[in-house]
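Down below is the structure, laid out as structure tokens.
The analysis underlying the following values was restricted to heavy atoms, covering all of them including side chains, and did not include hydrogens, waters or symmetry mates.
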Amino acid sequence: MFERPLYLNRLRKYRDTEFIKVITGVRRSGKTFLLQMLKNDLLKSGIAPEQIIDINFETMKYSKLTEKEPFYNYVMQRAVSRKKMYLFFDEVQRVSQWQDAVNSFRVDLDADIYISGSNASLLSGELATLLTGRMVEIPVYPLSFKEYLLFKQSTDNPDIEFYRYINEGGFPAAVLSPDPEVKGTVIDGIYSSILLKDVTERAKIRDDQTLIRLSQYLLSEVGNQISANKIAGVLKNEGFKSANNVSISRYLHYLTDAYLFHEAKRFDIRGKNYLRSNSKYYAIDLGLRNTTLNKNYKDNIGHQIENVVYLELLRRGYKVDVGKDGNQEIDFIAKKGNEIEYYQVTQQIPDNSDREIQNLMNISDNYKKTLITANRMDVGEQNGIPIVHIVDWLLEE
């Protein structure tokens, strides 16, 4: 089992605190293994096995616990008197009104609580009301490029491995599969289970063909500005009569809730407000994109590199928007607390063009600005703005 210290260290930091640890992320991104690593930590530190209650609601073993009362009773009956309990609930959103039970465990037991789920609704509604100020979210993503190299234990040039990373993506099960055909089968299975279990089944969608075509369209358009109105027009022209602004907006919400895509909204740097017009949607994993569309890294490579940078900024804890500065576009505005950084991303800087650097230079504030390129010949500094290679940036400490 390969450790993922980025996430494990975040969990360790909050161990034995009053906060409920909420681990979120797309299906098969490694949430279950992360919880298993933490349980191993606990056992090594001297915590007795009977102090750990571990329930994975994906299995039939716990199918009778999908209502809050039997769920609550099951845990309370197994709690050890006058001992601290460690509670692990995987895919807990499958329990009806699970929030009430989890809040009761917090009140009724001396417990350290960890929950996980594959849908953003985990952090909305009643949970947010019940546990405001008492929970911390730890989002988990498919493997970063640094983790990808660790899992593959590759000795090849990282610049070469980078394009393999784009091709096959970062789902751990796919990366660890030695056979290309098996990798494709694993990724197809992940994609289908996300659409069927985390979107169609949960939202009770009958018109799954429109949903499938919409997801394919988003995969093909990563990095492009799009709107519900534009998508509806495209799908109607293809014969999907039920496609309209309302249904497409609803489906977009379901797809982002399942973490299959992330929406990057456009932010006006000068006006300091969000724009209602077109957003960009980035895929949670490029291997999933390329396998589903039968493409490779050469297809729309500039936007695929953009997708990699976007996800890496999310992993590093930034909130990421697309920037607008007058008539110029800034690829990413990354915010963390009071910290703001600007990024431009390019496959290579075009000859006789300074547009990428100029867009950053024209921003009137003094926050950090970086140009990321996939061409090593571009690396250096221009007008005080660092130009870094994508692989070096991904592997930096």
Side-chain angles (χ1 to χ4, degrees), residues 3-27 29-59 61-141 257 259 317:
E3 283 202 351
R4 302 183 69 182
L6 173 67
Y7 306 110
L8 192 54
N9 289 338
R10 287 177 184 172
L11 281 175
R12 285 168 175 158
K13 183 170 67 173
Y14 288 101
R15 177 183 158 181
D16 293 328
T17 67
E18 65 174 330
F19 295 104
I20 294 175
K21 278 64 72 176
V22 184
I23 297 102
T24 59
V26 70
R27 180 179 292 273
S29 57
K31 300 185 298 297
T32 300
F33 282 102
L34 179 61
L35 292 177
Q36 183 59 54
M37 288 180 225
L38 185 62
K39 284 178 278 186
N40 292 343
D41 257 15
L42 292 172
L43 293 170
K44 288 177 184 176
S45 70
I47 300 300
E50 59 268 23
Q51 290 177 255
I52 300 173
I53 297 177
D54 179 15
I55 304 175
N56 185 342
F57 289 100
E58 286 271 272
T59 75
K61 181 179 179 181
Y62 300 107
S63 60
K64 294 182 179 179
L65 303 183
T66 54
E67 298 290 335
K68 65 178 181 179
E69 288 85 1
F71 172 35
Y72 176 80
N73 293 334
Y74 178 90
V75 172
M76 294 302 292
Q77 288 167 7
R78 284 157 180 77
V80 180
S81 178
R82 292 190 291 278
K83 290 278 190 178
K84 190 174 189 71
M85 299 301 299
Y86 293 85
L87 310 181
F88 294 84
F89 306 132
D90 208 354
E91 299 298 338
V92 73
Q93 75 273 0
R94 290 182 170 271
V95 179
S96 175
Q97 296 180 301
W98 61 268
Q99 302 95 330
D100 291 335
V102 169
N103 190 50
S104 291
F105 299 144
R106 184 185 64 80
V107 174
D108 300 340
L109 294 173
D110 178 14
D112 197 18
I113 304 174
Y114 301 83
I115 64 177
S116 79
S118 302
N119 199 285
S121 63
L122 199 68
L123 292 169
S124 64
E126 189 179 352
L127 177 64
T129 302
L130 282 173
L131 302 177
T132 298
R134 298 189 180 96
M135 65 180 179
V136 58
E137 181 188 10
I138 299 172
V140 175
Y141 300 92
D257 259 11
Y259 302 109

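Across Leu43 and Ala48, no two heavy atoms sit closer than the pair CD2-C, 4.4 Å. Contact record, Asp16 with Tyr114: N-OH, 4.3 Å, taken as the closest heavy-atom pair. Of all heavy-atom pairs between Ser118 and Lys31, the closest is OG-NZ, 3.2 Å. The minimum heavy-atom distance linking Ala79 with Leu109 is given by the pair CB-CD2, 3.7 Å. Tyr259 approaches Ala120 most closely through the heavy-atom pair OH-CA, 3.2 Å. The minimum heavy-atom distance between Asp112 and Thr17, with the atom names listed, is OD1-O, 3.7 Å.
For the residue pair Gln97 and Gln99, no side-chain donor N or O sits within less than 3.5 Å of a side-chain acceptor on the partner. With hydrogens and angles left out, the side-chain atoms of Ser121 and Asp257 include no donor and acceptor closer than 3.5 Å.
Distance CD1/Ile115 to CZ/Phe57: 10.5 Å, rounded to 0.5 Å. The OG1 atom of Thr59 sits 11.5 Å away from the CD atom of Glu91 when rounded to the nearest 0.5 Å. Rounding to the nearest 0.5 angstrom, the gap separating the CZ atom in Phe105 from the CE atom in Met76 is 7.5 Å. Separation of atoms OH (Tyr14) and CG (Asn9) is listed at 12.5 Å; rounding is to 0.5 Å. The CD atom of Glu50 sits 9.0 Å away from the CD1 atom of Ile52 when rounded to the nearest 0.5 Å. One finds the CD atom of Gln93 at 11.0 Å from the OG1 atom of Thr24 (value rounded to the nearest 0.5 Å).
A 4.5 Å side-chain heavy-atom check between Phe71 and Ile55 finds at least one atom pair inside the cut-off. In this structure, Ile47 and Lys84 have side chains that are not in contact, with every pair of non-hydrogen atoms separated by 4.5 Å or more. In this structure the side chain of Arg4 reaches within 4.5 angstrom of the side chain of Val140, judged on heavy atoms. By the 4.5 Å heavy-atom criterion applied to side chains, Arg10 and Lys21 are not counted as neighbours.
Between Tyr62 and Phe89, a ring centre-to-centre spacing not shorter than 6.0 Å is recorded.
No donor-acceptor pair closer than 3.5 Å links the side chain of Glu18 to the backbone N or O of Arg134. Judged by distance alone, with hydrogens and angles left aside, the side-chain atoms of Arg106 form no donor-acceptor pair with the main-chain N or O of Val102 at under 3.5 Å.
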Exercise. Could you go step by step and tell me if Leu35 and Asp54 meet the side chain to side chain contact (heavy atoms under 4.5 Å, CB included) rule?
Worked result: CA-CA 9 Å; Leu35 292 177; Asp54 179 15; over 6 Å; no
Exercise. Going through the checks in order, is the side chain to side chain donor-acceptor pair (under 3.5 Å) test met by Gln36 and Asn40?
Worked result: CA-CA 6 Å; Gln36 183 59 54; Asn40 292 343; 3.1 Å; yes
For this session: Begin with the C-alpha distance, continue with both residues' side-chain angles, and end with the deciding distance and a verdict on salt bridge (charged side-chain N to carboxylate O under 4.0 Å, His left out) for Glu58 and Arg94.
Result: CA-CA 8 Å; Glu58 286 271 272; Arg94 290 182 170 271; 2.8 Å; yes
For this session: Applying side chain to side chain contact (heavy atoms under 4.5 Å, CB included), run through Leu38 and Tyr86 and close with a yes or a no.
Result: CA-CA 10 Å; Leu38 185 62; Tyr86 293 85; over 6 Å; no
